[in-house]
Student: 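I am attaching a structure below and will ask some questions about it afterwards.
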Amino acid sequence: MSTVIQVENLCKSYRLGVIGGGTLRADVSRWLAKLRGRPDPTLQIGQEHHARLRGQEFKALQDVSFEVKQGEILGVIGRNGAGKSTLLKVLSRVTAPTSGEVRVKGRIASLLEVGTGFHPELTGRENIFLNGAILGMTKGEIKTKFDEIVDFSGVEDFIDTPVKRYSSGMYVRLAFAVAAHLEPEILIVDEVLAVGDVEFQKKCMGKIEDVSRGGRTVVFVSHNMDAILRMCSRTMLLKGGNILIDGDTRRAVAEYSAMHATQLPVMDLRSATRTSHARMKAKFTEIKMTSSEINSAWGMAYGRPLGFEVTIESECVLSGLELGISLFTATGSEITSNLSSHAFTLKNTEPGTHVFKAVYAGLRLVPGSYCVQLGLRSEAGFEDFIPKACEFEVLTSELSSKHMTDTFRGVLVPDVSYEFK
Amino acid sequence: MASNPPSQTIAPSSLPEQWDLVLRPKTGWFDLHLSDLWRYRDLTMLFVWRDFVAQYKQTILGPLWHIIQPLFTTLLFTLVFGRVAKLPTDDLPPMLFYMAGITCWNYFAECLNRSSGTFINNASIFGKVYFPRLCVPVSIVISNIIKFAIQFALFLAMMGFYYAKGEPIRLNSLILLTPVLVLIMAALGLGVGIIVSALTIRYRDLQVLITFGVQLLMYVTPVIYPISMVSEKYRWLVLANPMSAIVETFRYAFLGAGTFDPFNLLYSAVVTLVILFVGIVLFNHVERTFMDTV
């Protein structure tokens, strides 16, 4: 197998402070100060010092080197700010490297967002052509693939309707359909699968796998460990602009999950983002995962009962207080939504601090990352609502390898028995 | 996975043809990769088509606006500069005189104004996908040719009307220069536009300045007055503007009034080429990293 991407000592730094000072006056005063040997007057005093801040520079990527072989699906994982997006931006030529070099063989197409350049006033048909051309197809190529694209998207009936009338699901489906029919030698995909329904996501992942089976190369960035585990033979874990691990996917994913261990075991919810319509007479203060592993505060081995402790604080006597917990996949589909009132009804809860404990027995979530949504209600209405209270990880265990094969699809592993006669 | 050998062992230039694409921090100022622009010609034409189609969806009059706008500008100019200010029009019917100037000026000004916003207006697309950025301003210049053609047809119709009324219209062989004039206007509008677009990334002030500047520039161009009216002392100032010779030549070719000086036209062409070249070089230089500063 030949090498199709070669990245050598790639660095990318961003200038801080200077950005946004984009007026001629600031430039002139900065230049004058430099002439007189004085410090930059436009710099803010007391700018925080950070490990990756050197002077006014932020190093998003530091000396990254790797190679990608033809036909490989390379996964790229890492926490927010690890440099994943910057890497993709450099690879897809959106921005130039600060130093180092990237060499590429073959046509490269990137999918950092679905529907780039879609024009709301144009019809689906018209947007297929426009979007296809933006992604690098010629008109001829789009014409020959047109029927396939429409078929894949499933919006045949609305193909001559302006896309501004589309539902967001239809919009995304059409946009992905165009991108999926690109035929570059190298495809770069960012977290675009985090949209659409489960059914469609499956279709997308299937399409990406097809691409690599056809001998083409895919670089795939995701927060969805499921997808990474399933599709990538090799995964790179980035941290702070460096490659921490480059190799076996399982090892990279395990290491990524372990990185969560450095987090605090209790999540403070006082400053979490909430919806505005809440009454806030009682509010969430903390959430804690009670089923976590010793070395990972928000990681839990597959198969164990999942447990949470949610702390609330109420200001006054409230009647009919109930807690709602919803679990979501990392891609945003709801798995389950449960109310404490299914189990018990509370009457006249005194002001003060209270704790709800919830344990899910027999909920066999597939290894991967999940989100928790919290809602608190009383007879008077919504008290508090946090769309994304915390994230947790279900880790692979011996049990998970017993319960499921690599080709398993879905979110929950059922306890199912088979018979054959 | 084996990590790469250090960069020193492979000199970047030792195996140049093996790779289809090499991304480096800096490329030469004159490495313009204009062939990419040709490869993406379909995209350029789709942008042209999008501009035209999308602009008039949900409008009642649609492309008719291309006729209404210059017509009213002409009427207004006739009233203000012809009737009230009583500026001479080289003995031509004022309507025709102004329309000739407006047709040319509108094309140039539209090319300039619209292409000067290239980076700022397209930042969201540019941040997500690569294609030669020059496709956008080039498409703007081409789509404006369509608008120019409509206005030009209106101008010809008005010429026919005055001819029928018995006005002396002295069409001459210089009309063969029309494509050249359009080309120079397009290149000049594009050139100045992309220079401004490259500079607005750092200095947003320019964006405000340019709309205003283009309006002012019109008064240093013989659009509302003939060049013969300008005194010898200040004529150089008007002629230094590369648009002046174009408007004068256009008017001379179609209406037979005013002046035609091949030297002035040549001057315009040379200035235009220089500006366009500087523009492309600057634009290419900026497009590589502008996403970091926008």
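Only heavy atoms go into these numbers, but all of them, side chains included; no hydrogens, no water, no symmetry mates. Letters A, B, ... are given to chains in the order of the sequence lines, protein chains preceding strands, and every chain is numbered from 1.
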Student: Determine whether more than 12 heavy atoms belonging to other residues, nucleotides or ligands lie under 6.0 Å from atom CH2 of W65(B).
Tutor: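 At most 12 heavy atoms, drawn from other residues, nucleotides or ligands, come within 6.0 Å of this atom.
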Student: Among the options E121(A), H119(A), K105(A), pick out the one with the most heavy-atom pairs lying under 4.5 Å from chain B.
Tutor: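 Sorted descending by pairs with chain B, the first entry is K105(A).
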Student: Which region of T95(A), side chain (C-beta onward) or backbone (N, CA, C, O), has a non-hydrogen atom less than 4.5 Å from a non-hydrogen atom of chain B, or is it both or neither?
Tutor: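 Both parts, backbone and side chain.
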Student: Who among Y130(B), F131(B), W49(B), Y40(B) has the most heavy-atom pairs with chain A under 4.5 Å?
Tutor: Y130(B)
Student: Among pairs that include at least one residue of residues 113-122 of chain B, which meet salt bridge (charged side-chain N to carboxylate O under 4.0 Å, His left out), considering only residues two or more places apart or in two chains?
Tutor: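 Sorted result for residues 113-122 of chain B: D51(B)-R114(B).
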Student: Hey, could you give me the CD1/CG distance between I108(A) and D20(B), rounded to the nearest 0.5 Å?
Tutor: 10.0 Å
Student: Do you know which of G106(A), G117(A), G136(A) has the most heavy-atom pairs with chain B at a distance under 4.5 angstrom?
Tutor: G106(A)
Student: Looking at CE of M137(A) and CG of D42(B), how far apart are the two atoms once the value is rounded to the nearest 0.5 Å?
Tutor: 11.5 Å
Student: Considering non-hydrogen atoms only, spot the tightest contact between P97(A) and L23(B) and give its length.
Tutor: CG-O, 4.1 Å
Student: Which residues in residues 183-194 of chain B have a heavy atom less than 4.5 Å from any heavy atom of chain A?
Tutor: none
Student: Per the side chain to side chain contact (heavy atoms under 4.5 Å, CB included) rule, which among T116(A), I134(A), L135(A) passes with K128(B)?
Tutor: T116(A)
Student: What residues of residues 138-146 of chain A sit under 4.5 Å from chain B when you count only heavy atoms?
Tutor: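 Checking residues 138-146 of chain A against chain B gives T138(A), K139(A), G140(A).
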Student: Show the numbers, then the answer: is there a side chain to side chain contact (heavy atoms under 4.5 Å, CB included) between L112(A) and V129(B)?
Tutor: CA-CA 7 Å; L112(A) 304 193; V129(B) 65; over 6 Å; no
Student: Sort L91(A) into side chain, backbone, both or neither according to what part of it lies under 4.5 angstrom from a heavy atom of chain B.
Tutor: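 For L91(A), the backbone is the part near chain B, not the side chain.
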Student: What are the two closest heavy atoms between S99(A) and P25(B), and how far apart are they?
Tutor: CA-CG, 3.4 Å
Student: Against chain A, label F126(B) side chain, backbone, both or neither, depending on which of its atoms sit under 4.5 Å from a heavy atom there.
Tutor: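 The backbone, not the side chain.
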Student: Taking atom CH2 of W19(B) and atom CZ of R103(A), what is their separation to the nearest 0.5 Å?
Tutor: 6.5 Å
Student: Could you tell me which portion of R133(B) (side chain, backbone, both or neither) has an atom closer than 4.5 angstrom to a non-hydrogen atom of chain A?
Tutor: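 For R133(B), the side chain is the part near chain A, not the backbone.
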Student: Count the heavy atoms of every other residue, nucleotide or ligand shown that sit under 6.0 Å from CZ of R251(A), and state whether that count exceeds 12.
Tutor: no
Student: Taking salt bridge (charged side-chain N to carboxylate O under 4.0 Å, His left out) as the definition, give me every residue that meets it alongside K147(B), ordered by chain and number, with sequence neighbours left out.
Tutor: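 Counting only residues at least two positions away or on another chain, K147(B) forms a salt bridge (charged side-chain N to carboxylate O under 4.0 Å, His left out) with E110(B).
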Student: From L21(B) CG over to R107(A) CZ, what is the distance, rounded to the nearest 0.5 angstrom?
Tutor: 13.0 Å
